[in-house]
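Numbers restart at 1 for each chain; the letters A, B, ... are given by sequence-line order, proteins then strands.
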There are 2 protein chains.
Amino acid sequence: MVATVLHSGVVNALGADIVSGRIPVGTALTLEGIQERFDVSRTVAREGMRILEAMHLVTSERRHGIVVQPPESWHVFDRRVIRWRLDSEHRPAQLRSLTELRIGIEPFAAHLAAARATEDEKDALRQAAGEMRVFGEAGRLDRYLAADIAFHRTVLRASHNEMYVALIEPVIEAVSERPLHGHSHAYPVPAAMDLHEAVMLAIADGDGAAAEAAMLGILSDVRSGIGAALHADDVTAG
Amino acid sequence: MVATVLHSGVVNALGADIVSGRIPVGTALTLEGIQERFDVSRTVAREGMRILEAMHLVTSERRHGIVVQPPESWHVFDRRVIRWRLDSEHRPAQLRSLTELRIGIEPFAAHLAAARATEDEKDALRQAAGEMRVFGEAGRLDRYLAADIAFHRTVLRASHNEMYVALIEPVIEAVSERPLHGHSHAYPVPAAMDLHEAVMLAIADGDGAAAEAAMLGILSDVRSGIGAALHADDVTAG
DNA sequence: TCAGGTAAAAGGTAGCACCTTTGATCGCTC
DNA sequence: GAGCGATCAAAGGTGCTACCTTTTACCTGA
């Protein structure tokens with residue numbers, strides 16, 4: 001928490017506290033309280049609050065103080081909000097949300113990639129799929145996972161849609177954590193390698209429908225893993 | 001642009017300028033320049049910059065000033081960034097991105113909704129689907145569109161995934177603009193009403209696969225509308 | 001070519017005036 | 001005496017000014 005700039009220390013600490021629920025919704029902070037807690041000047045406290053306000057974690061009103069907002073209004077795609085939730089006890093809920101998001105967007109991202117991938121991106125996909133095969137068969141799990149991550153990252157980038165691109169980090173987070181999501185069978189399976197190869201070939205071939213279908217195949221076991229949580233009652237964030 | 005708080009005026013003006021490209025990437029602003037342009041104090045200028053910095057529209061470095069960042073680093077899901085892009089000459093590109101996002105997320109949102117919708121949400125879907133039928137057959141286009149919007153909004157909300165919920169406004173924006181996306185045939189068609197009804201019934205019935213399939217049907221003509229733009233070269237944001 | 005000086009610009013501090021909202025107190029009426 | 005409106009003080013964010021500190025790009029000169 002060594003802050004090159006002071007306000008980022010304030011933001012990180014308070015943001016994590018709010019997102020984790022340690023500071024409950026509705027709590028009214030004051031600038032003076034923040035100044036004292038972090039031993040900073042009013043300016044620093046105010047700039048920190050502006051940042052949290054931009055994330056919709058708090059609102060600031062005269063006479064009312066700085067009021068912690070409910071999760072519904074948070075900017076849940078903000079990198080820092082995601083990070084804070086992953087670092088809190090809400091990590092499982094955050095990973096579930098991310099995985100569901102991934103299930104939604106990856107198939108059509110593959111479709112778009114088939115239409116828009118550059119030669120460089122196609123090369124990167126070929127290499128990633130190849131490495132998954134090689135390291136998967138060799139039992140090199142770490143390298144296999146790295147190739148897997150590179151593959152999915154490249155597909156999203158190759159969609160050339162800035163919103164899909166913006167979701168790369170969150171999706172990668174979900175990909176990396178896959179084993180935690182009820183995905184019980186041994187991790188590198190031949191079927192997965194085949195499917196990644198199919199996605200790669202379809203994208204290289206410009207066949208959007210095939211790329212989408214193959215990506216759906218990759219996600220099918222993630223979907224069944226999520227299935228158990230589908231009727232979960234505690235799906236509200238916070 | 002009447003700003004109850006001064007810094008929001010600064011943020012809105014500069015944000016729109018940056019996002020539209022009127023202030024090119026790499027431009028270095030200074031606090032002093034901002035103070036003069038908007039006739040505000042240093043405090044206000046700094047707080048405004050903190051907000052733009054939180055959106056990753058600018059970075060602020062000593063000696064360099066406040067440097068405008070490239071579109072890749074923007075927080076493209078920030079409501080204000082989307083709004084500014086929609087209000088700029090990049091509106092078509094933004095709508096295309098949003099429509100592609102919608103195509104990705106709505107089917108699985110329907111799937112999730114089938115598992116998680118509350119009774120109230122199911123009621124809202126029934127009502128929206130019913131109104132689409134009634135107003136569609138009566139030729140009341142405005143009411144038909146309103147019901148359509150309510151329907152899609154409710155499906156996303158019923159997914160009970162905060163990330164899908166956070167995408168409601170952007171998706172609605174795309175839904176409202178559908179006619180602009182090469183969607184050429186007359187707007188309220190019986191097939192659309194049938195499909196919305198099918199989604200509603202599947203969700204009410206808890207049948208995720210059916211809900212997803214029906215939603216894919218709703219999106220099929222949006223997808224064909226996008227098809228023309230699939231190989232567009234100017235897909236980079238900014 | 002490298003060392004050191006210089007200055008630009010953000011980072012940070014301090015403190016004041018002001019505005020809005022809240023809520024308590026006071027006084028008037030019935 | 002009870003209720004109701006007016007007034008006033010305090011809280012706390014908003015905004016401004018002034019000034020010092022720190023970083024670092026860039027220039028100068030050996």
Nearest whole angstrom, please: distance from the C1' of D:dG15 to the CZ of B:Phe38. 17 Å
A:Arg42 side-chain proximity, nearest of D:dT17, D:dT14, C:dT13: D:dT14
Under a plain distance cut-off of 3.5 Å, with no hydrogens placed, do B:Asp148 and B:His196 share a side-chain donor-acceptor pair? yes
Distance only, no hydrogens: is a donor on one side chain within 3.5 Å (strictly under) of an acceptor on the other, for A:Gln69 and A:Thr59? yes
Taking 4.0 Å as the cut-off, does a side-chain nitrogen or oxygen of A:His64 come that near to OP1 or OP2 on D:dG12? no
Given atom CD of B:Glu36 and atom C1' of D:dT17, what is their separation to the nearest angstrom? 16 Å
Side-chain contact test, heavy atoms from C-beta onward, threshold under 4.5 Å: evaluate it for B:His160 versus B:Glu121 and give yes or no. yes
Work out which heavy atom in A:Leu14 is nearest to a heavy atom in A:Leu52; give both atom names and the distance. CB-CD1, 3.8 Å
Respond yes when some side-chain nitrogen or oxygen of B:Ser60 is under 4.0 Å from OP1 or OP2 of C:dA9, and no when none is. no
Grab the CG-P distance between A:Leu6 and C:dA10 for me, whole Å please. 17 Å
Using atom CD of A:Glu47 as one end and atom C1' of D:dT14 as the other, report the distance to the nearest whole Å. 14 Å
Grab the NE2-C1' distance between A:His7 and C:dG12 for me, whole Å please. 11 Å
Between C:dA10 (P) and B:Leu52 (CG): distance, integer Å: 14 Å
Check whether the side chain of B:Arg46 and the base of D:dG15 form a donor-acceptor pair under 3.5 Å. no
With heavy atoms under 4.0 Å as the rule, sort A:Ile34 into base, sugar-phosphate or nothing. nothing
Tell me whether B:Arg153 is salt-bridged to B:Glu169, with the criterion being a basic N under 4.0 Å from an acidic carboxylate O. yes
Quick one: on DNA chain C, does B:Glu61 or A:Thr43 contact a more 5' nucleotide (nearest heavy atom)? B:Glu61
Rounded off to whole Å, could you give me the CG-to-P distance for the B:Leu31 and D:dT23 pair? 18 Å
Between the side-chain atoms of B:Arg63 and the base atoms of D:dA25, is any donor-acceptor pair under 3.5 Å? yes
Please determine, for the side chain of B:Ile66, which listed nucleotide (C:dA10, D:dT14, D:dG13) has the closest atom? C:dA10
Closest to side chain of B:Thr30, choosing from C:dA9, D:dG15, C:dG11: C:dA9
Under 4.0 Å from OP1 or OP2 of D:dA10: is there any side-chain N or O of A:Arg62 that close? no
Measure from CE on A:Met49 to P on D:dT14 and round the result to the nearest Å. 11 Å
